[in-house]
There are 2 protein chains.
Amino acid sequence: MHIRHTKLLNIVNNKKRVAVTDLAQVLDVSEVTIRKDLSTLEHMGLLRREHGYAAMAQSDDIANHLSFNYEIKHKIAMRAAATVHNGETIMIESGSCCTLLAEELTMNRRDVTIITNSAFIAAFVRKAPGAHIILLGGEYQNESQVMVGPMIKKCVSDFYVDKLFVGIDGFNQNGFMSNNLMRAEAIRTMAENAKHAIILTESVKFTQTGVVSLFPLSAVDSVFTDDGIPADAAQIMHSKDTHVYTISTAEEK
Amino acid sequence: MHIRHTKLLNIVNNKKRVAVTDLAQVLDVSEVTIRKDLSTLEHMGLLRREHGYAAMAQSDDIANHLSFNYEIKHKIAMRAAATVHNGETIMIESGSCCTLLAEELTMNRRDVTIITNSAFIAAFVRKAPGAHIILLGGEYQNESQVMVGPMIKKCVSDFYVDKLFVGIDGFNQNGFMSNNLMRAEAIRTMAENAKHAIILTESVKFTQTGVVSLFPLSAVDSVFTDDGIPADAAQIMHSKDTHVYTISTAEEK
DNA sequence: AGAAAATATTTTCAAATGAAAAAGAAAAGA
DNA sequence: TCTTTTCTTTTTCATTTGAAAATATTTTCT
C-alpha cells in the first residue's frame, strides 16, 4: 500500500468527507493522482466516492472500521496468517484484523477452511479463489452481521480445530473484554471447540476497557498486535504465559 | 415504480451497459431525468452507475437477478406478504421474490421473525427497522450466499413454523425443480419443520425445467406467480389441490 | 554507474455530472 | 371551470470526471 494512500485514508477518516480538490492540495499531488487513489481505495472498500468528494466508508461500528489504521491491521493479519498452513481448518470470529486474516487465507492459501459466525467475513471473502466458509447459525445481529445465541453451540459442536482467531474491544488486568454480551458468549462457545484462542487486535484496545468480560488471561494462547501496546499490559500477559507478537508500525521508506 | 423505470431497467438488463445519452434518446426524456432515475435505481440496488453509463447490477446468478422483471417480482412478493400477519415467525429460502418478500415484511410489519439460510437476504434487509433474522448455519455457497449441508438440519430442528416460502428454478408434470442439489436438500429439510410450503416465482420458471427434483406437487400448499403461467401447468397444480395465485402483469396507466 | 524497463504522476481535453432555477403537467380544491 | 398546490421534467451552468498522451521518477539489470 502506498504511503499516500495511508495519509489519504487518515484524512478522510478524520474529516468524514473531503473535497478532491482539498486532498490534492494537502497531499501536494494532482487531482488526477488523487482520483486514481480514490478509485483504488473505493475498490478495496476503504472509502466511498461522491461527486467531487471522498467520504468515509460508512460503517456499522465506526470504531472498528477497516479503513482506520488499515495498514497496521493488515500487517497484524499477515503476521497471524503465517501461522496457518495450507489445508488447515480454523475458526474466526469477527473483527477488522480477523477480516483481513480471512482475506489473506482465502486469497493466497490453498484449501484453508474457515469456520465463522460472521456473515460479514463470509461475504467479504466470497469472491476469493480459495474461499471455503462454514457459517455458524444463530440470531443475526443487524449491525455487526454476526450470529449469536444458543444455535452457535449446536453448530460448532460438530467441529474441533487447532486455532480460533478473535478480536477484542478492551483489556484490563483480569483479562480480555468485549462490548457485547451475546457475542462474548458466542466466542466462548467457539473457544470450547478450539485448542488455542488467539487474539488479533490493534494496540489501542489495550488502553480501552470493554463492557463485558470475554476471556481470563489464562484462556488465551497468543496475541498479535502492534508495538503501541503499553508495557504493563504486555508484562501482565507475559506473566501468564500468553505469547505476545508485536508488529512494528514504523512507516517504511 | 414509474413506468419509465421499468423500461430503463429492461434496456440496461438487455444491453448490460448503456450510455446515459442513449437512454435519454431512446426513452425520449432529458439526460437529467435519466440521471435522477439512475440515482433512484442504483439506490435500490437494481443497477450500477459508471461515468457516462448505466450498467447492470452484477449478479451471481444472472437469470435470477432482482432487476429482471422487478415489478412483477415485487407484486408477487406483496401478494404473498399479505398472508403473513404481525408477530408471525416464518421461514424463507432464497430467490428474488423471496428477497422482496423479506424486505416487505421487515419494512412494513411488526415483530415478524424470519428464519432463513440465505445470508444474502439477511444482509439485504438488515437496515430495515423490523429486521429480525435467524440465520441457519451450514456450508456457505460463495455464489448464492446460501447455507447448505447437514448443519441446516441441526439448526432448523429447533423450530416449527406455519409457512416456508421458497423459489424454484423449474417445473415439470412431476413437480417443482431446482438447479442445485445441495440447496434442494436444504429446502426439503426446512420444509420438514414447516406446516405449509409456499412457492413464490415468476411464471417463466413454469416453462423451464430444473436439474434436480425439489418437491412433488403434493408437498406444496400454494403458489404465487404471475398470469403468464401456462394453462396446463396451472391445471396440473389445481388437480393436486395446490392453490395457484396469479398476479396480473398488466402495466398500470 | 549507466541504460533499459517498469511505475508513477501530470498535462490536456472533451464529455459527464449535480445543483438550482425555470417551465410544464397532473392532481386537488373551490 | 378556474385556481392553487404539488410533482415531474427541462434548461442552464460551473464543476468534476476519466481517458490518453506526455513527462518524470523509481527500479532493475548489466
Side-chain angles (χ1 to χ4, degrees), chain A residues 1-58 67 70-71 74-75 78 107-108 250-253, chain B residues 1-58 67 70-71 74-75 78 107-108 250-253:
Chain A
M1 178 134 114
H2 198 290
I3 191 169
R4 190 180 56 246
H5 291 182
T6 309
K7 288 183 187 169
L8 201 161
L9 272 182
N10 285 337
I11 297 171
V12 172
N13 281 324
N14 283 333
K15 304 222 178 170
K16 308 204 171 180
R17 189 163 178 273
V18 194
V20 174
T21 327
D22 295 350
L23 283 170
Q25 214 161 359
V26 174
L27 296 174
D28 196 33
V29 286
S30 76
E31 291 189 17
V32 177
T33 303
I34 294 294
R35 290 210 190 88
K36 203 172 286 180
D37 293 349
L38 295 181
S39 286
T40 310
L41 294 169
E42 182 180 46
H43 197 73
M44 289 204 258
L46 301 177
L47 52 74
R48 243 173 339 115
R49 297 187 69 178
E50 293 173 17
H51 195 85
Y53 294 87
M56 197 171 63
Q58 67 184 119
S67 62
Y70 177 85
E71 192 135 32
H74 189 249
K75 281 183 188 170
M78 292 298 283
M107 295 284 281
N108 300 319
E251 290 181 2
E252 63 252 32
K253 281 217 160 183
Chain B
M1 177 133 117
H2 197 288
I3 191 169
R4 189 180 56 246
H5 291 183
T6 309
K7 289 184 188 169
L8 201 162
L9 272 182
N10 284 338
I11 297 172
V12 172
N13 280 325
N14 283 334
K15 305 220 178 173
K16 309 206 170 179
R17 190 162 178 272
V18 194
V20 174
T21 326
D22 295 351
L23 283 170
Q25 213 161 359
V26 174
L27 297 173
D28 197 30
V29 287
S30 77
E31 290 189 17
V32 178
T33 303
I34 293 295
R35 290 210 189 88
K36 202 172 287 180
D37 293 351
L38 294 181
S39 286
T40 309
L41 294 169
E42 182 180 46
H43 197 75
M44 289 203 257
L46 302 177
L47 52 74
R48 244 173 340 115
R49 296 187 71 180
E50 293 173 16
H51 195 84
Y53 294 87
M56 196 171 64
Q58 67 184 119
S67 62
Y70 177 85
E71 192 135 32
H74 188 249
K75 281 183 186 171
M78 293 298 282
M107 294 284 281
N108 301 320
E251 290 180 3
E252 63 252 29
K253 282 214 159 183

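Below, read A as the first sequence line, B as the second, and so on, with proteins coming before strands; counting in each chain starts at 1.
Applying the ring-ring contact (aromatic ring centres under 6.0 Å, His included) test to pairs two or more places apart or on separate chains, none has a residue in residues 16-38 of chain B. Counting only residues at least two apart or on different chains, no ring-ring contact (aromatic ring centres under 6.0 Å, His included) pair has a member in residues 26-56 of chain B. A ring-ring contact (aromatic ring centres under 6.0 Å, His included) check over residues 1-32 of chain A, counting only residues at least two apart or in different chains, returns the pairs A/H2-A/H5.
Between B/R17 atom CZ and D/dG18 atom P there is a gap of 12 Å when expressed in whole angstrom units. When the P atom of C/dA6 is taken as reference, atom NE2 of A/H2 falls 19 Å away, rounded to whole Å. One can place OH of B/Y53 at 12 Å from P of C/dA15, the figure rounded to the nearest angstrom.
Partners of A/S30 under the side chain to side chain donor-acceptor pair (under 3.5 Å) rule, at least two apart in sequence or in another chain, are A/T33. Every residue was checked against the salt bridge (charged side-chain N to carboxylate O under 4.0 Å, His left out) condition with A/R49, not counting sequence neighbours, and none meets it. In this structure B/M44 satisfies the side chain to side chain contact (heavy atoms under 4.5 Å, CB included) test together with B/M1, B/T40, B/L41, B/L46, B/Y70, sequence neighbours excluded. Judged as a salt bridge (charged side-chain N to carboxylate O under 4.0 Å, His left out), and not counting sequence neighbours, the contacts of A/E31 are A/R35.
Contact annotation: B/H5 side-chain N/O to D/dT8 OP1/OP2 distance is not under 4.0 Å. Dashed line: the shortest gap from a side-chain N or O of A/R49 to OP1 or OP2 of D/dG18 is under 4.0 Å. For the pair B/H51 and C/dA14, the criterion of a side-chain N or O lying under 4.0 Å from OP1 or OP2 is not met.
Rotation axes derived from the C1' atoms of the five outermost pairs at either end of the helix from C/dA1-D/dT30 to C/dA30-D/dT1 lie 30° apart, to the nearest 10°.
The two residues B/L23 and B/A54 have their closest heavy-atom pair at CD1-CB, 4.0 Å.
DNA chain C lies under 4.0 Å from at least one heavy atom of each of the following residues of residues 26-48 of chain A: A/V29, A/S30, A/V32, A/T33, A/K36.
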